Visitor: 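My questions all concern the structure below.
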Protein chains: 2
Amino acid sequence: MEIPKELRESGLKATLPRLKILELFQRAEHSAPNGVRHMSADDVYRHLLKENLEVGLATIYRVLMQFAEAKILLRRQFDGDRAVFEINASEHHDHMVCVSCGKVEEFFDKAIEERQMLLAKQHGFSLRDHSLSIYGLCKGCVKRDRATFGAAIQSTMPLQPALSSPTRLVPKSHK
Amino acid sequence: MEIPKELRESGLKATLPRLKILELFQRAEHSAPNGVRHMSADDVYRHLLKENLEVGLATIYRVLMQFAEAKILLRRQFDGDRAVFEINASEHHDHMVCVSCGKVEEFFDKAIEERQMLLAKQHGFSLRDHSLSIYGLCKGCVKRDRATFGAAIQSTMPLQPALSSPTRLVPKSHK
DNA sequence: CTCTCTGCAAATGTTTTGCAGACCA
DNA sequence: TGGTCTGCAAAACATTTGCAGAGAG
């Protein structure tokens with residue numbers, strides 16, 4: 001018993017890159033409190049680098065794709081951001097993404113799930129998947145924003161923010 | 001009264017590209033039964049070409065971005081697909097996307113909306129936006145698939161589809 | 001020993017940007 | 001006329017692919 005069953009069952013050969021990438025996501029699942037469960041190809045690349053393992057980005061993309069096909073990982077894409085992956089271990093859930101710090105929280109709501117199935121049926125859709133993401137400021141960022149800009153908002157800021165400062169729904173990147 | 005109020009109110013100058021792009025989306029809103037409300041930058045480019053107006057793609061991207069900032073258009077991004085825009089005229093709604101033909105249907109569900117607000121509050125999130133997309137086969141594609149592959153599925157296809165044929169959640173592109 | 005992987009570099013597709021000239025108010 | 005736009009070409013990204021050599025079983 002050396003080779004993880006995820007790999008054995010997928011028919012993929014147990015190579016160093018694949019073992020390390022799988023391990024990385026599994027470690028994230030257990031140790032991380034939150035947010036680190038979700039990693040982009042580049043995140044994976046840099047994590048492995050930190051552990052002195054240089055794997056080509058192309059390989060990482062290929063492995064992530066294969067893992068997603070084998071249902072070992074789940075691929076997510078928050079709004080305009082690049083794809084992130086998370087290990088397919090916990091129950092199905094949706095996401096709440098902080099537009100300021102990029103933190104990702106997970107949630108599950110039975111009522112919403114049921115409504116979705118009902119709605120799909122009503123529209124004659126054969127439901128395959130769905131993705132629900134809620135964007136906003138997380139607890140910490142709300143607090144920080146109020147502390148920093150609280151007074152300013154009341155006094156100097158226009159009600160309708162200027163058109164000139166483009167506001168992304170999701171920050172460009174959280175490296 | 002020549003210049004559309006959307007442009008006047010946004011502070012953007014009334015230039016030919018902007019007028020035509022706005023008109024294009026407004027026309028799509030009224031005439032189209034469904035699906036054509038949503039257009040990518042490239043869709044817009046080709047539509048204008050068909051009307052003998054060649055606008056640089058860069059300009060189209062810029063205009064779409066400005067319109068989205070001005071809330072004239074809404075920017076959507078279905079899974080791994082490129083961004084599409086729709087006019088911000090109707091009520092808030094979510095989307096049901098056919099993974100086979102790319103058709104987009106809209107829906108609104110009060111119960112889901114309310115659950116989302118509640119969930120955001122419970123997590124301490126200051127809700128800014130959300131996006132819910134349901135992916136599946138639309139009525140027409142379900143029918144077509146059954147007609148074409150119905151028998152084959154029962155007899156020759158493995159229960160667990162082969163790993164070698166990558167299945168995209170959303171078709172790469174619907175040009 | 002064979003078929004599967006990997007790394008590299010180059011290609012891809014979408015979106016963004018710098019800049020010089022054209023255009024609206 | 002002045003600041004705002006546009007078009008072009010080039011850059012920027014994230015992602016994918018072709019190919020030759022390395023590695024797993």
Side-chain angles (χ1 to χ4, degrees), chain A residues 2-4 7-8 10-22 39-46 48-49 53-70 75-85 162-164 166 168-175, chain B residues 2-4 7-22 39-46 48-49 53-70 73 75-85 162-164 166 168-175:
Chain A
E2 262 261 47
I3 297 169
L7 282 187
R8 254 184 295 115
S10 69
L12 298 169
K13 295 197 167 175
T15 63
L16 193 60
R18 296 215 261 241
L19 289 169
K20 287 300 187 178
I21 291 172
L22 178 58
M39 285 181 279
S40 67
D42 201 65
D43 292 338
V44 172
Y45 178 74
R46 276 201 298 275
L48 294 182
L49 256 195
L53 181 62
E54 177 147 11
V55 179
L57 247 186
T59 300
I60 292 176
Y61 274 106
R62 270 183 296 232
V63 171
L64 292 177
M65 210 248 272
Q66 293 155 345
F67 281 8
E69 269 175 57
R75 178 190 228 263
R76 312 279 190 183
Q77 185 134 20
F78 302 127
D79 211 62
D81 229 343
R82 57 205 169 151
V84 292
F85 296 78
L163 213 105
S164 44
R168 290 188 164 274
L169 197 55
V170 166
K172 181 98 180 184
S173 186
H174 290 285
K175 309 205 176 175
Chain B
E2 262 262 49
I3 297 168
L7 282 187
R8 253 184 295 114
E9 289 170 1
S10 68
L12 297 169
K13 297 200 169 175
T15 64
L16 193 60
R18 296 215 262 239
L19 289 169
K20 288 299 187 178
I21 291 173
L22 178 57
M39 285 180 280
S40 67
D42 201 64
D43 293 337
V44 171
Y45 178 74
R46 275 200 298 274
L48 294 183
L49 256 195
L53 181 62
E54 178 147 8
V55 180
L57 248 185
T59 300
I60 293 177
Y61 274 105
R62 271 184 295 234
V63 171
L64 291 177
M65 208 248 272
Q66 292 156 347
F67 282 7
E69 269 175 56
L73 297 180
R75 177 190 229 263
R76 311 280 189 182
Q77 186 136 18
F78 301 127
D79 209 62
D81 229 344
R82 57 204 169 154
V84 292
F85 296 78
L163 214 107
S164 45
R168 290 189 162 274
L169 197 55
V170 166
K172 182 99 182 186
S173 188
H174 291 285
K175 308 210 174 170

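As the structure is a prediction and not an experimental result, all values here were calculated from the model. Reminder, nothing fancy here: chain letters follow the sequence lines and each chain counts from 1.
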Visitor: Counting the atoms with a prime plus P, OP1 and OP2 as sugar-phosphate, which does A:Gln77 contact under 4.0 Å by heavy atoms, base, sugar-phosphate, or nothing?
Guide: nothing

Visitor: Using side-chain heavy atoms (C-beta onward) and a distance below 4.5 Å, is B:Met39 in contact with B:Val84?
Guide: no

Visitor: Of all of residues 57-64 of chain B, which get a heavy atom below 4.0 angstrom from DNA chain C, listed by number?
Guide: B:Ala58, B:Tyr61, B:Arg62

Visitor: Between C:dG7 atom C1' and A:Leu49 atom CG, what is the distance in whole Å?
Guide: 14 Å

Visitor: D:dA14 P sits how many Å from A:Arg76 CZ, rounded?
Guide: 21 Å

Visitor: Rounding to a whole Å, what distance do you find between A:Tyr45:OH and C:dT6:C1'?
Guide: 14 Å

Visitor: Rounding to an integer number of Å, can you tell me how far B:Asp43 CG sits from C:dG13 P?
Guide: 16 Å

Visitor: What residues, two or more places apart in sequence or in another chain, satisfy salt bridge (charged side-chain N to carboxylate O under 4.0 Å, His left out) together with A:Arg62?
Guide: none

Visitor: Rounded to whole angstroms, how far apart are CE on B:Met65 and P on D:dT4?
Guide: 16 Å

Visitor: Whole angstroms only, please: what is the CZ-P distance between B:Phe67 and D:dC5?
Guide: 11 Å

Visitor: Which atoms of nucleotides 23-25 of chain D (N or O only) lie under 3.5 Å from a protein N or O atom, and what are those distances?
Guide:
| residue | atom | partner | partner atom | Å |
| --- | --- | --- | --- | --- |
| D:dG25 | OP1 | A:Ala14 | N | 3.4 |

Visitor: Using atom NZ of B:Lys20 as one end and atom P of D:dG7 as the other, report the distance to the nearest whole Å.
Guide: 14 Å

Visitor: For the helix from C:dC1-D:dG25 to C:dA25-D:dT1, what angle lies between the axis at the first five pairs and the axis at the last five pairs, to 10 degrees?
Guide: 30°

Visitor: State which residues pass side-chain hydrogen bond (donor to acceptor under 3.5 Å, both in side chains) with B:Ser40; sequence neighbours excluded, sorted by chain then number.
Guide: B:Asp43

Visitor: Checking B:Tyr45 now: which residues fulfil side-chain hydrogen bond (donor to acceptor under 3.5 Å, both in side chains) with it, not counting sequence neighbours?
Guide: B:Glu54

Visitor: Name each donor-acceptor pair under 3.5 Å that joins a side chain in residues 11-18 of chain B to protein atoms two or more places apart or in another chain, with its distance.
Guide:
| residue | atom | partner | partner atom | Å |
| --- | --- | --- | --- | --- |
| B:Arg18 | NE | B:Lys13 | O | 3.0 |
| B:Arg18 | NH1 | B:Gln66 | OE1 | 2.8 |
| B:Arg18 | NH2 | B:Lys13 | O | 3.4 |

Visitor: In whole angstroms, how far is the C1' atom of D:dA12 from the CG atom of A:Asp42?
Guide: 14 Å

